[in-house]
Amino acid sequence: MKKAKSDYLIQSVSRALDILEAFSIGQEALGVTDLSRKLKLHKNNVFRLLATLETRGYVEQDSESGTYRLGMKTFEVASVFLHHLGLVKQARPVLEQLARETEEAAYLGVLDGPAVVCVDVAETSQSVRVVSHLGRRLPGHATALGKAQLAFRTQGELDQLWKAEEPLALTGRTVVGPSRLAEELARVAAQDLALEDEELEAGVRGLAAPVRDYAKRVIGAIGVRGPAFRLPLDRLEGDLAPRVRVAAREVSRRLGYAILPA
């Protein structure tokens, strides 16, 4: 009988990875005590693991506070992954074109459970910008990038996602509740387009469309986000909606999705 891969785990390697994964947005710097408490490991073990990671450049220590943060080697490894990720590579020129055409920041996002992760962004030339959230996990139900993908999950898949992480209201406009979410995602699926109307952050709007691969699977979303004063609903639904749809179709085409003539 073939063994499960979990039977081959090396505990020290696994714990070193636990340390790297303990850092996050909002917890960029952690001390030995913080990590010991968070991971339920003895301080001596945490210190030895940190020393190894620091030697290899995966973490670095602040000389004044004594806390640790992720090192440049972590960024280098992540950059290699993103470079070879077909979606990012194929979407990059389309993102740049979309940003030029709309004069707004253009984003590429992929689902991670019920959340969406922004994996690439082409920034706007405008002086007033919104926070890009590049690399962060954001609640999928509150973002256009997330809704553009969640809309194509089965109800069973959605039930599992909501069970793991209940959709919460982040602003007064966030769509929550099973019936309201189902209605919203059905609308997104019908239009192949998702609107974000100050649902994640007050004063920020966005629009996104799904990206499909050669197997017709929705594997990502592309869209724009910006200050609400520059993105009134009539501009989003009039000028920007067709541009976002065209961009998503172009990335899909580059990934082998066969688009039938309209």
Side-chain angles (χ1 to χ4, degrees), residues 24-28 88 91-92 94-151 161 165-177 180-181 183-185 187-189 191-211 218 220-248 251:
S24 63
I25 304 296
Q27 287 191 306
E28 294 92 347
V88 174
R92 184 64 200 178
V94 182
L95 276 180
E96 292 174 349
Q97 182 178 349
L98 184 60
R100 285 194 302 270
E101 288 180 355
T102 63
E103 296 187 312
E104 298 295 346
Y107 296 84
L108 179 70
V110 295
L111 279 185
D112 178 20
V116 65
V117 179
C118 176
V119 295
D120 201 6
V121 59
E123 280 291 0
T124 176
S125 58
Q126 302 270 13
S127 57
V128 178
R129 306 177 180 183
V130 299
V131 178
S132 73
H133 298 306
L134 182 63
R136 288 189 60 186
R137 292 180 83 254
L138 302 173
H141 70 284
T143 64
L145 289 172
K147 289 191 288 184
Q149 299 171 76
L150 290 169
L161 292 178
E165 199 168 315
E166 181 185 358
L168 301 176
L170 304 172
T171 73
R173 293 180 175 271
T174 312
V175 178
V176 293
R180 288 188 64 206
L181 267 175
E183 183 179 338
E184 172 71 0
L185 294 180
R187 183 194 63 78
V188 171
Q191 298 182 3
D192 231 29
L193 192 73
L195 171 68
E196 177 186 328
D197 186 12
E198 301 186 64
E199 297 159 55
L200 178 69
E201 300 164 281
V204 178
R205 289 195 178 109
L207 203 64
V211 170
V218 172
I222 189 171
V224 295
R225 291 182 86 236
F229 71 83
R230 272 204 318 262
L231 296 177
L233 294 179
D234 58 350
R235 184 188 177 208
L236 283 169
E237 296 169 351
D239 177 48
L240 299 186
R243 296 181 187 276
V244 169
R245 282 196 181 100
V246 167
V251 178

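Because only heavy atoms are used, hydrogens play no part in the values below, and waters and symmetry mates are left out as well, while side chains stay in.
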**Student:** Any donor-acceptor pair under 3.5 Å linking the side chain of Arg225 with the backbone of Tyr107?
**Tutor:**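 Flag not set: sc Arg225 to bb Tyr107 has no pair under 3.5 Å.
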**Student:** Report the C-alpha separation of Glu196 and Arg205 in whole Å, then their side-chain angles, then the decisive distance to 0.1 Å, and conclude whether the salt bridge (Lys or Arg N to Asp or Glu O under 4.0 Å) test is met.
**Tutor:** CA-CA 5 Å; Glu196 177 186 328; Arg205 289 195 178 109; over 6 Å; no
**Student:** Which heavy-atom pair separates Cys118 from Leu134 by the least distance, and what is that distance?
**Tutor:**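 Nearest heavy atoms, Cys118 then Leu134: O-CD1, 3.5 Å.
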**Student:** Given side-chain contact (heavy atoms from CB on, under 4.5 Å), test Leu150 with Leu161 step by step and report yes or no.
**Tutor:** CA-CA 10 Å; Leu150 290 169; Leu161 292 178; 3.8 Å; yes
**Student:** Of the non-hydrogen atoms in Ala208 and Leu145, which two are nearest, and what is the gap between them?
**Tutor:**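 Where Ala208 meets Leu145 most closely, the heavy atoms are CB-N, 3.7 Å.
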**Student:** Please check: side-chain N/O of Thr171 versus main-chain N/O of Glu201, any donor-acceptor pairing under 3.5 Å?
**Tutor:**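 No, Thr171 side chain to Glu201 backbone: no donor-acceptor pair under 3.5 Å.
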**Student:** Which heavy atom in Thr174 sits nearest to a heavy atom in Ala169, and how many Å separate them?
**Tutor:**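 Closest approach of Thr174 to Ala169: CB-CA, 3.8 Å.
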**Student:** Applying salt bridge (Lys or Arg N to Asp or Glu O under 4.0 Å), can you list everything that pairs with Glu96, at least two apart in sequence or on another chain?
**Tutor:**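 By the salt bridge (Lys or Arg N to Asp or Glu O under 4.0 Å) rule, Glu96 matches Arg92.
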**Student:** Looking at Gln149 and Leu111, would you say the former's side chain and the latter's main chain have a donor-acceptor pair under 3.5 Å?
**Tutor:**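 Here the side-chain-to-backbone pair exists.
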**Student:** Taking only Lys NZ, Arg NE, NH1 and NH2, and the carboxylate oxygens of Asp or Glu, determine whether Arg187 and Glu184 approach each other closer than 4.0 Å.
**Tutor:**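 Salt bridge between Arg187 and Glu184, a charged N being under 4.0 Å from a carboxylate O: yes.
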**Student:** Looking at every heavy atom in both Ala99 and Ala106, which two are closest together, and how far apart are they?
**Tutor:**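 Looks like N-CB, 4.0 Å.
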**Student:** Working note: His133 + Thr143, criterion side-chain contact (heavy atoms from CB on, under 4.5 Å); need CA distance, chi angles, decisive distance, verdict.
**Tutor:** CA-CA 12 Å; His133 298 306; Thr143 64; over 6 Å; no
**Student:** Mind listing the closest non-hydrogen atom pair of Val188 and Ala194 along with its distance?
**Tutor:**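 Taking Val188 first and Ala194 second, the nearest heavy atoms are CG1-CB, 3.8 Å.
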**Student:** In the structure I gave you, are the side-chain heavy atoms of Leu240 and Leu231 within less than 4.5 Å of one another anywhere?
**Tutor:**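 Heavy-atom side-chain distance check passes, below 4.5 Å.
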**Student:** For Leu195 and Leu233: C-alpha separation, side-chain torsions, deciding distance, then whether side-chain contact (heavy atoms from CB on, under 4.5 Å) applies.
**Tutor:** CA-CA 9 Å; Leu195 171 68; Leu233 294 179; 4.1 Å; yes
**Student:** If you measure from OG1 on Thr102 to CD on Gln97, what distance do you get to the nearest 0.5 Å?
**Tutor:**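 Output value for this atom pair is 10.5 Å.
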**Student:** Any sub-3.5 Å donor-acceptor pair from Glu198's side-chain atoms to Gly203's backbone N or O?
**Tutor:**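 Present.
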**Student:** Could you check if a side-chain atom of Glu104 sits within less than 4.5 angstrom of a side-chain atom of Arg235, using non-hydrogen atoms only?
**Tutor:**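 Yes, at least one pair of side-chain atoms sits under 4.5 Å.
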**Student:** To the nearest 0.5 Å, how far apart are CZ in Arg173 and CG in Leu200?
**Tutor:**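 Answer for the CZ-CG pair, Arg173 versus Leu200, is 14.0 Å.
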**Student:** Write down the atom of Pro242, the atom of Gly238, and the distance for their closest heavy-atom approach.
**Tutor:**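 In this case the closest contact between Pro242 and Gly238 is CD-O, 3.2 Å.
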**Student:** Could you give the distance from CG (Leu207) to CD1 (Ile222), rounded to the nearest 0.5 Å?
**Tutor:**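 Leu207 atom CG to Ile222 atom CD1 measures 11.5 Å (nearest 0.5 Å).
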**Student:** Are side-chain heavy atoms of Lys147 and Leu185 found at a separation under 4.5 Å?
**Tutor:**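 Side-chain contact under 4.5 Å: yes.
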**Student:** Working to the nearest 0.5 angstrom, can you tell me the gap between Arg245 CZ and Gln191 CD?
**Tutor:**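 Between atom CZ of Arg245 and atom CD of Gln191 there are 6.5 Å.
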**Student:** Would the number of heavy atoms belonging to other residues, nucleotides or ligands and lying under 6.0 Å from CD of Glu183 be above 12?
**Tutor:**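 For Glu183, atom CD is not crowded (no more than 12 foreign heavy atoms under 6.0 Å).
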**Student:** Taking only residues two or more places apart in sequence or in another chain, which ones pass salt bridge (Lys or Arg N to Asp or Glu O under 4.0 Å) with Asp192?
**Tutor:**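 Scan of Asp192 (salt bridge (Lys or Arg N to Asp or Glu O under 4.0 Å), adjacent residues dropped) gives Arg212.
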**Student:** Are Leu236 and Val244 packed together at the side-chain level, in the sense that at least one heavy-atom pair is separated by less than 4.5 angstrom?
**Tutor:**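 They are not in contact (no side-chain heavy atoms under 4.5 Å apart), so the answer is no.
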